[in-house]
Amino acid sequence: SKKKGLSFEEKRARMMEIFFETKDVFQLKDLEKIAPKEKGITSMSVKEILQSLVDDGMVDTDRIGTSNYFWAFPSKALHARKRKLEELESQFAESSQKKEALQKNIEKSKIGREDTAERAALLEELATLRQKKEQLKTEIDKYRECDPDVVEEMRQTNQVAKEAANRWTDNIFSIKSWAKRKFGFEESRIDKGFGIPEDLDYID
């Protein structure tokens, strides 16, 4: 079966893993080689992912001579994420208060069910605030994805899943070997009969 590609946020989290795990400084060309091999991020998307992390203050960059260098350390990333979360949560709280006030005004305006211009304007503003509230929630969730603790948890979860997949692959190979010895079946016949992909292999 075809592998499902990584989401944008998964790529961001895996890119941060490279910095956190190595605590090293990289050029773009270095990351374009490392990311596909170690984190499954296609080299074509490395630049876009890296720029999004720079824009969000998660990764630092500086030009030295003719080259740009990139780095990120867990402590700075955590502080940057906390500052951004505090800012977004403050905006979220402010929007929620304003929404509540508007909701009360709307309830008052319903008395007599008059379709006034003021009521229409309040409803429009409320809809706008609801949309902004959802956008802020999305932003907050995005920064949680780059939390070093979350990144580490994702890494451990991925490792457990990888080991489990390799155990099942090992079991399949053992059963195929037993069937060939016991019944003299050809490997291709076993694969076809049980729907086993020809290119089945262990996950690196």
Side-chain angles (χ1 to χ4, degrees), residues 1-85 138-177 187-188 190-191 194-204:
S1 60
K2 188 176 180 181
K3 281 188 177 180
K4 182 182 177 183
L6 298 173
S7 70
F8 189 74
E9 291 308 322
E10 286 173 333
K11 290 178 182 178
R12 281 167 55 95
R14 291 194 181 192
M15 184 69 75
M16 292 305 296
E17 283 182 2
I18 295 175
F19 290 109
F20 291 161
E21 290 169 0
T22 64
K23 298 180 176 64
D24 206 348
V25 178
F26 301 95
Q27 289 182 257
L28 175 60
K29 63 183 180 181
D30 300 325
L31 292 168
E32 286 175 338
K33 292 178 183 177
I34 295 170
K37 183 178 178 182
E38 296 188 6
K39 299 299 178 182
I41 303 170
T42 58
S43 59
M44 295 290 289
S45 64
V46 167
K47 186 175 181 180
E48 179 188 5
I49 299 299
L50 189 59
Q51 188 59 52
S52 77
L53 293 170
V54 170
D55 292 342
D56 289 339
M58 303 300 296
V59 172
D60 289 318
T61 182
D62 198 5
R63 190 174 185 82
I64 302 175
T66 59
S67 303
N68 290 321
Y69 291 86
F70 302 88
W71 68 93
F73 301 114
S75 57
K76 181 184 182 302
L78 182 60
H79 291 315
R81 185 189 63 83
K82 283 182 177 178
R83 284 197 302 272
K84 187 64 177 179
L85 278 174
T138 301
E139 281 288 305
I140 289 172
D141 290 340
K142 181 176 74 172
Y143 279 87
R144 288 199 176 103
E145 287 289 337
C146 292
D147 185 332
D149 292 335
V150 174
V151 169
E152 176 60 20
E153 183 180 346
M154 288 175 65
R155 189 191 66 77
Q156 292 179 1
T157 300
N158 288 340
Q159 183 62 29
V160 170
K162 173 183 169 183
E163 290 173 357
N166 283 337
R167 279 198 304 274
W168 278 105
T169 301
D170 196 44
N171 290 339
I172 291 171
F173 284 153
S174 296
I175 292 171
K176 283 172 63 175
S177 178
E187 187 167 343
S188 59
I190 298 173
D191 289 343
F194 291 93
I196 301 172
E198 292 181 4
D199 58 352
L200 177 69
D201 204 350
Y202 297 100
I203 299 172
D204 294 330

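All values below were derived from every heavy atom in this structure, side-chain atoms included, with hydrogens, water molecules and symmetry-related copies excluded. Note that the structure is a prediction, hence the values are computed from the model and not measured.
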*Sole residue of Val54, Ile18, Asp62 in side chain to side chain contact (heavy atoms under 4.5 Å, CB included) with Phe70*: Val54

_Run the side-chain hydrogen bond (donor to acceptor under 3.5 Å, both in side chains) test against Thr61 and tell me which residues pass, sequence neighbours left out._
none

_Derivation and outcome, side chain to side chain contact (heavy atoms under 4.5 Å, CB included), residues Val59 and Met16_ = CA-CA 8 Å; Val59 172; Met16 292 305 296; 3.7 Å; yes

*From CA spacing to verdict: side chain to side chain contact (heavy atoms under 4.5 Å, CB included), Asp56, Arg12*: CA-CA 11 Å; Asp56 289 339; Arg12 281 167 55 95; 3.0 Å; yes

*Measure from the side-chain N and O atoms of Arg63 to the backbone N and O of Asn68, and report whether any donor-acceptor pair falls under 3.5 Å.*
no

*Can you tell me how far the CG atom of Leu31 sits from the CD atom of Glu38, to the nearest 0.5 Å?*
10.5 Å

_Which residues share a side-chain contact (heavy atoms from CB on, under 4.5 Å) with Ser67, sequence neighbours left out_ = Gln27, Tyr69

*Identify the two heavy atoms, one from Ala72 and one from Met58, that lie closest to each other, and give their separation to 0.1 Å.*
CB-O, 3.4 Å

*What about Phe19 and Phe26, are their ring centers closer than 6.0 Å?*
yes

*Interatomic spacing from CD1 in Ile49 to CD in Glu10 - rounded to 0.5 Å*: 10.5 Å

*So how far is it from Thr22 OG1 to Phe73 CZ, rounded to the nearest 0.5 Å?*
8.5 Å

*Begin from the C-alpha positions of Glu17 and Arg14 and carry the test salt bridge (Lys or Arg N to Asp or Glu O under 4.0 Å) through to its verdict.*
CA-CA 5 Å; Glu17 283 182 2; Arg14 291 194 181 192; 5.7 Å; no

*Can you check whether Ser45 reaches Phe8 side chain to side chain, under 4.5 Å on heavy atoms?*
no

_Residue of the set Gln51, Met15, Lys11, Lys33 for which side chain to side chain contact (heavy atoms under 4.5 Å, CB included) holds with Val46_ = Met15

*Any Lys/Arg nitrogen of Glu32 or Lys37 sitting under 4.0 Å from an Asp/Glu carboxylate oxygen of the other?*
no

*Leu6 CG to Lys39 NZ distance, which is reported to the nearest 0.5 Å*: 11.0 Å

*For Ser43 and Pro36, work out which heavy atoms get closest and say how close.*
N-CG, 3.7 Å

